[in-house]
Amino acid sequence: MPSGSENRGAKNSGAKSAKAIKAANKSAGGAKPKAGLPKQRNIPWLTIGAVIAVLALIGVLAVNLFPKYQDKAEADKFAPSSENKDPSIEIDGVVRNEYPPALHVSATQRVAYDQTPPYGGPHDATWATCTGIVYPNAIRTENAVHSLEHGAVWIAYNPDKVSDDQRDALADRVDGKSYMLMSPYPGLDSPISLQSWGHQLKLDDASDPRISQFIAALRLNNFGVYPEVGASCSTIPGAFDPDNPPAFDGSAPGPDAVPMNGEGLAQDQGELGTGGAPGGLPGGLQLSDLQVPPAVPEAPAPAPAG
């Protein structure tokens, strides 16, 4: 039989073997596994990018549109009413004069205007089309003044003092808007000048808020500010071509020019209301109805012989 020392040796050898096996298991990854890591999430980069783009677009629109809404809100404060018939009185820099209406010159006559650009006085019998036209070239002054008599606002600018961006900003206020017109005015003593009948405002900057105020106060102001309430701004076929308007003449008027008081002219009764007062035309007529020549009626057919 084995002795006790041999038994102890076997036990010690077995214990050492067990320890060695255990150590080997640990080094071979036999350690207790750790808790598993969370799965990696798929980040929706396309969605995030789209949201950022939309927010950026909203920001750009806010930056560009908010000043325009603010400008309009301020301009609306200058809308005329029965209590405040001429709000332009409150606009800094507006000058005013009174002029007799309905004094017409022919297409070849000049007027010795005392203002540059003029904003009242004798004028051509044909108005310049003022249905939101942006004229690329300067137009005949006498035609433009007649448009003011109809309630239009005329924006004139010096092409040598106004940048392309400023011109485009002015054009945005006019293009396609009824009772508005715009044209260059060579030699103008300020970059920009706004005219309505009997009113003028000269400015340096197309972003000046007074432009919107002037338009709000005076364009189609029917409280006695302009003479021909209800008159048309549309083109008169055969009399004025907005694509080829009468040319601007910047030379000094000669001695035969019509003076500002209209000496030698008679007021056109077709443009005067009852009792010779300026105003709308009777029977709901437009001025264009009076100035476009009527069609010549055909002669009656001869009666049959016999």
Side-chain angles (χ1 to χ4, degrees), residues 75 88 91-99 105 109-124 126-175 177 179-219 225-226 233 240 242 244-254 257-260:
S88 72
I91 302 174
D92 183 44
V94 173
V95 294
R96 288 169 289 277
N97 275 305
E98 291 187 8
Y99 297 102
V105 300
Q109 285 180 294
R110 300 282 304 280
V111 177
Y113 288 117
D114 58 355
Q115 304 291 334
T116 305
Y119 50 96
H123 48 270
D124 194 280
T126 300
W127 60 87
T129 302
C130 42
T131 54
I133 302 292
V134 177
Y135 292 95
N137 300 312
I139 64 175
R140 184 167 176 259
T141 302
E142 285 81 1
N143 296 98
V145 171
H146 195 155
S147 301
L148 306 183
E149 196 179 42
H150 287 201
V153 169
W154 173 28
I155 297 182
Y157 65 95
N158 187 328
D160 296 326
K161 296 182 178 181
V162 169
S163 67
D164 291 346
D165 289 343
Q166 294 256 312
R167 185 193 62 229
D168 292 344
L170 292 171
D172 285 344
R173 298 177 181 271
V174 174
D175 189 24
K177 297 177 177 64
Y179 290 86
M180 295 286 298
L181 69 158
M182 171 177 159
S183 67
Y185 197 98
L188 182 61
D189 60 357
S190 66
I192 303 164
S193 184
L194 277 66
Q195 288 70 228
S196 74
W197 184 266
H199 299 74
Q200 187 175 68
L201 175 63
K202 293 188 175 182
L203 302 166
D204 296 326
D205 193 332
S207 64
D208 195 309
R210 290 176 293 174
I211 296 177
S212 296
Q213 295 169 5
F214 187 96
I215 295 171
L218 296 169
R219 173 181 163 271
V225 172
Y226 67 96
C233 245
F240 188 93
N244 187 28
F248 173 81
D249 188 347
S251 64
V258 175
M260 283 298 293

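Keep in mind that what you see is a predicted model, and the values were worked out from it rather than measured.
- Residues Y185 and P117 come closest through the heavy atom pair CE1-CB, 3.7 Å.
- Using a 3.5 Å distance cut-off with no hydrogens or angles, the side chains of S147 and E149 do not pair a donor with an acceptor.
- Residues passing the ring-ring contact (aromatic ring centres under 6.0 Å, His included) test with F214: none are found, sequence neighbours excluded.
- With sequence neighbours left out, K202 forms a salt bridge (Lys or Arg N to Asp or Glu O under 4.0 Å) with D189.
- When side chains are defined from C-beta on, P186 counts as touching F248, because their heavy atoms get closer than 4.5 Å.
- Between I211 and L170, some side-chain heavy-atom pair lies under the 4.5 Å cut-off.
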Please tabulate, for side-chain N and O atoms in residues 135-142, each donor-acceptor pair with protein atoms closer than 3.5 Å (sequence neighbours left out).
unit_1 : atom_1 : unit_2 : atom_2 : d
Y135   : OH     : T129   : N      : 3.4
Y135   : OH     : T129   : O      : 2.8
R140   : NH1    : D124   : OD2    : 2.5
R140   : NH1    : N143   : OD1    : 3.2
R140   : NH2    : S106   : O      : 3.2
R140   : NH2    : A107   : O      : 3.4
R140   : NH2    : Q109   : O      : 2.7
E142   : OE2    : V111   : N      : 3.1

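- Residues that satisfy the ring-ring contact (aromatic ring centres under 6.0 Å, His included) test with Y99, not counting sequence neighbours, are Y119.
- A donor-acceptor pair under 3.5 Å links the side-chain atoms of Q195 to the main chain of S193, judged by distance alone.
- Listed here is the closest heavy atom pair of G121 and V145: O-CG1, 4.0 Å.
- Considering CG of L218 and CD of Q200, their distance stands at 12.0 Å, rounded to 0.5 Å.
- Nearest heavy atoms, M260 versus D114: CE-OD1, 3.5 Å.
- Taking all atoms of both residues into account, the shortest heavy-atom contact from S88 to R96 is O-NH1, 3.5 Å.
- With sequence neighbours left out, the side chain to side chain contact (heavy atoms under 4.5 Å, CB included) criterion links D205 to Q166, S207.
- Pairs passing the salt bridge (charged side-chain N to carboxylate O under 4.0 Å, His left out) check and including a residue from residues 161-170, sequence neighbours excluded, read D164-R167.
- Counting heavy atoms from C-beta on, the side chains of I155 and L181 never come closer than 4.5 Å.
- At a threshold of 4.5 Å between non-hydrogen side-chain atoms, the residues Q115 and N97 count as touching.
- Between M180 and C233, every side-chain heavy-atom pair lies at or beyond the 4.5 Å cut-off.
- Taken from CG in L201 to CD1 in I192, the straight-line distance is 9.5 Å, to the nearest 0.5 Å.
- Shown here are the side chain to side chain donor-acceptor pair (under 3.5 Å) partners of D249, two or more places apart in sequence or in another chain: R110, S251.
- Scored by the side chain to side chain donor-acceptor pair (under 3.5 Å) test, W154 finds S183 as partners (sequence neighbours excluded).
- Side chain of R210 to main chain of D92: a donor-acceptor pair is present (N/O by atom type, distance under 3.5 Å, no hydrogens or angles).
- Under the ring-ring contact (aromatic ring centres under 6.0 Å, His included) criterion, Y157 pairs with no residue, sequence neighbours left out.
- N158 places none of its side-chain heavy atoms less than 4.5 Å from the side chain of P191.
- Checked against side chain to side chain contact (heavy atoms under 4.5 Å, CB included), A169 has the following partners two or more places apart in sequence or in another chain: A206.
- Under the 3.5 Å distance criterion, the side-chain polar atoms of H199 are matched with a main-chain donor or acceptor of W197.
- Closest of all the heavy-atom pairs between P253 and A257 is CB-CB, 3.5 Å.
- Contact between K177 and R173 at its shortest, heavy atoms only, is CD-O, 3.0 Å.
- Qualifying ring-ring contact (aromatic ring centres under 6.0 Å, His included) partners for Y113, counting only residues two or more places apart in sequence or in other chains: none.
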